[in-house]
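Written below as structure tokens is the structure these notes are about.
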Amino acid sequence: LPGSFWWEEERYTDGSKWRFLEHKGPVFAPPYEPLPGKVKFYYGGKPMKLSAPAEEVATFFAKMLDHEYTTKDIFRKNFFKDWRKEMTSEEKSVITDLNKCDFSDMSEYFKAQSEARKQMSKEEKQKIKEENERLLQEYGFCIMDNHKERIGNFRIEPPGLFRGRGDHPKMGMLKRRIRPEDIIINCSKDSKHPKPPPGTKWKEVRHDNKVTWLASWTENIQGSIKYIMLNPSSRIKGEKDWQKYETARRLKKCVDRIRAQYREDWKSKEMRIRQRAVALYFIDKLALRAGNEKEEGETADTVGCCSLRVEHIKLYPKLDDQEYVVEFDFLGKDSIRYYNKIPVEKRVFKNLQLFLENKQPEDDLFDRLNTSILNKHLQELMDGLTAKVFRTYNASSTLQQQLKELTCSDDSIPAKILSYNRANRAVAILCNHQRAPPKTFEKSMQNLQNKIDEKQNQLSAARKQLKAAKADHKASHDDKSKKAVEMKRKAVQRIEEQLMKLQVQATDREENKQIALGTSKLNYLDPRISVAWCKKFGIPIEKIYNKTQREKFAWAIDMADKDYEF
DNA sequence: TACTTGACTTAGAAGGAGGCTC
DNA sequence: GAGCCTCCTTCTAAGTCAAGTA
């Protein structure tokens, strides 16, 4: 039906995001259920009954007891400070030392609970599933204009202990419970407004169609605003995503000019221009993030390009057999380490030496530059150009080029998928998308190796049988033995294929140990490249995108043909 | 211009669902 | 049918960037 897809509709050009918005409001975290009397908290070895508020916060800690977090000084200090705020004055006077607190009984209780949940009967599990489904149907969708859309996060974040990434100064602080009185609702005037839970009120109900969120609240750790927004499959998200890739494609058209420009700027008389040009070179070549300034002490100490400090790079005029090598070593977003040694042009190297002159390790490398200056410059070079567009452009363009290079049309489907994953991996490495090696990695690798060994044995057995059958046929020359030879030949072939498949799988998994492919697939790779590749080589799209991903990229799957070029 | 706030995208970890194997 | 493993979904933190404010 024409017009049934959002990507075939006209877009708003006045900056408004919708005309009609109706939803049921968020789902709140369930209220705290006090522990059964038999579950004890001990202080200095003696059991102690806690008031409900103090007990609730204690359970947050108890639930994390097996986690490394609870051993960290900052976590413990922040937790204890916030926990004491929830105690009665009597509790406060008794509980003065976290080291004397014993949460182990509580921890055991929660472990048993979770074990019991796993042991539930099919029927009980089914009941829970149905209840979740009911909640999803009731609160998980909204009407935006003429579409029923899935909401991304309709549940309010439950209270708990803040878990920052890396060395976060606020780890362990109490994330307080969010009440209806904290929530701002956004919906259209002419919609049926969501009702707050009985006996409560919303903080505010507003009708702002210049934004896309349905509800928001202010979080107490950083004081930032959290939102309830739509799912990636929605029109409002999909349209923006599509637009993002179109901007990256426009960059493709003028990137040569921009590169020529920044290379020219390396020679500028003005320091600020040279810094801008070297930074842009890093952003383009290494896919570094922009690097906004951060408030010290509020978050973990991480940097991006513009916020690099002297201590984050080392210069080697000569290293092994290469000249003008820059070594990067810093913590980026999510405190993921970026480590890379790259040879650069002499002019870049000389500039870097100059930027480092008379500076301390903790000084900014680019002291005349920040993201705002950089983005203003980029805006002048191309409409809509910002630092992050380079990441999108370089990621998508790498995927397309790698797919061209790695795919052999004669390969089997599993071999082609390995090629796809390798192309995807090249992007993930470029963007530094890392993950902790899965806890079961070694074991699962060993399992796979066992399967391969077994398959190898099967293969030699099958080959022996084939040889015997051949000999048999040579001796007898009858039809029956001829058929037997054919059968054995096919068996060998089948096992060879299975073995190949297993070996491919092992390679893929090994190469993926510390690399996360999902982030680039979801956020940086123009989905039309993958769709076109699937169509060109007859790969079912399900092999590349799972259900959620197909929903998010429905527009691309519908739009791109086999000849699509990024 | 410097700084703050708000809205939105990008990120890895954790937990859960469901498929596979014995 | 249980246990295991893998992959998917959910969760929410941590970025980017533009607009507003002093």
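Here the structure is a predicted model, which means the values were calculated and not measured. Residue numbers begin at 1 in each chain, while the letters A, B, ... track the order of the sequences. Both backbone and side-chain heavy atoms feed into the values below; hydrogens, waters and symmetry mates do not.
- The side chain of A/N523 places no N or O atom within less than 4.0 Å of a non-bridging phosphate oxygen (OP1 or OP2) of B/dT9.
- Phosphate contact (OP1/OP2 of B/dA11, side-chain N/O of A/R289, threshold under 4.0 Å): present.
- Under the 30°/60° scheme for interplanar angles, the aromatic rings of A/Y420 and A/W533 are found to be tilted.
- Regarding A/K170, its NZ atom lies at a distance of 18 Å from the P atom of C/dT12, rounded to whole Å.
- Using a 4.0 Å heavy-atom criterion, one finds that A/P232 contacts no nucleic acid atom at all.
- Between B/dA7, B/dA13, B/dA11, one nucleotide has an atom nearer to the side chain of A/A436 than all others, and that is B/dA13.
- A donor atom on one side chain and an acceptor atom on the other are found under 3.5 Å apart for A/Q137 and A/E133.
- Proximity of A/H433 to the phosphate of B/dA11: a side-chain N or O atom is located under 4.0 Å from OP1 or OP2.
- For A/R165 and C/dC11, the shortest distance from a side-chain N or O to OP1 or OP2 is not below 4.0 Å.
- An OP1 or OP2 oxygen of C/dA13 is reached within less than 4.0 angstrom by a side-chain nitrogen or oxygen of A/K226.
- A sub-4.0 Å separation between OP1 or OP2 of C/dA13 and a side-chain N or O of A/T299 is absent.
- Here A/K17 reaches the OP1 or OP2 of B/dC8: one of its side-chain N or O atoms lies under 4.0 Å away.
- At whole-Å resolution of the value, CG in A/N375 and C1' in C/dA18 are 10 Å apart.
- The side chain of A/K175 places an N or O atom within less than 4.0 Å of a non-bridging phosphate oxygen (OP1 or OP2) of C/dA13.
- In this structure, A/Y227 does not reach the B/dT9 phosphate: none of its side-chain N or O atoms is under 4.0 Å from OP1 or OP2.
- A distance below 6.0 Å separates the ring centres of A/H433 and A/Y524.
- Between A/K129 and B/dG18, a side-chain N or O to OP1/OP2 separation shorter than 4.0 Å is present.
- Note on A/K111 versus A/E115: no salt bridge recorded, every NZ/NE/NH1/NH2 to OD/OE distance being 4.0 Å or above.
- Residue A/K388 has no polar side-chain atom (N or O) positioned under 4.0 Å from OP1 or OP2 of C/dG15.
- Here the options are A/D363, A/D367, A/D301, the test is salt bridge (charged side-chain N to carboxylate O under 4.0 Å, His left out), and the partner is A/R309; only A/D301 passes.
- A/T386 has a side-chain polar atom (N or O) that falls below the 4.0 Å cut-off from OP1 or OP2 of C/dC17.
- Rounded to whole Å, the distance from CG on A/N132 to C1' on B/dG15 is 13 Å.
- Looking at the side chain of A/E157, the nearest of the listed nucleotides B/dA7, C/dC11, C/dT12 is C/dT12.
- Of the side-chain N and O atoms in A/H67, one or more sit less than 4.0 angstrom from OP1 or OP2 of B/dA14.
- A/K244 has no side-chain polar atom (N or O) that falls below the 4.0 Å cut-off from OP1 or OP2 of B/dT9.
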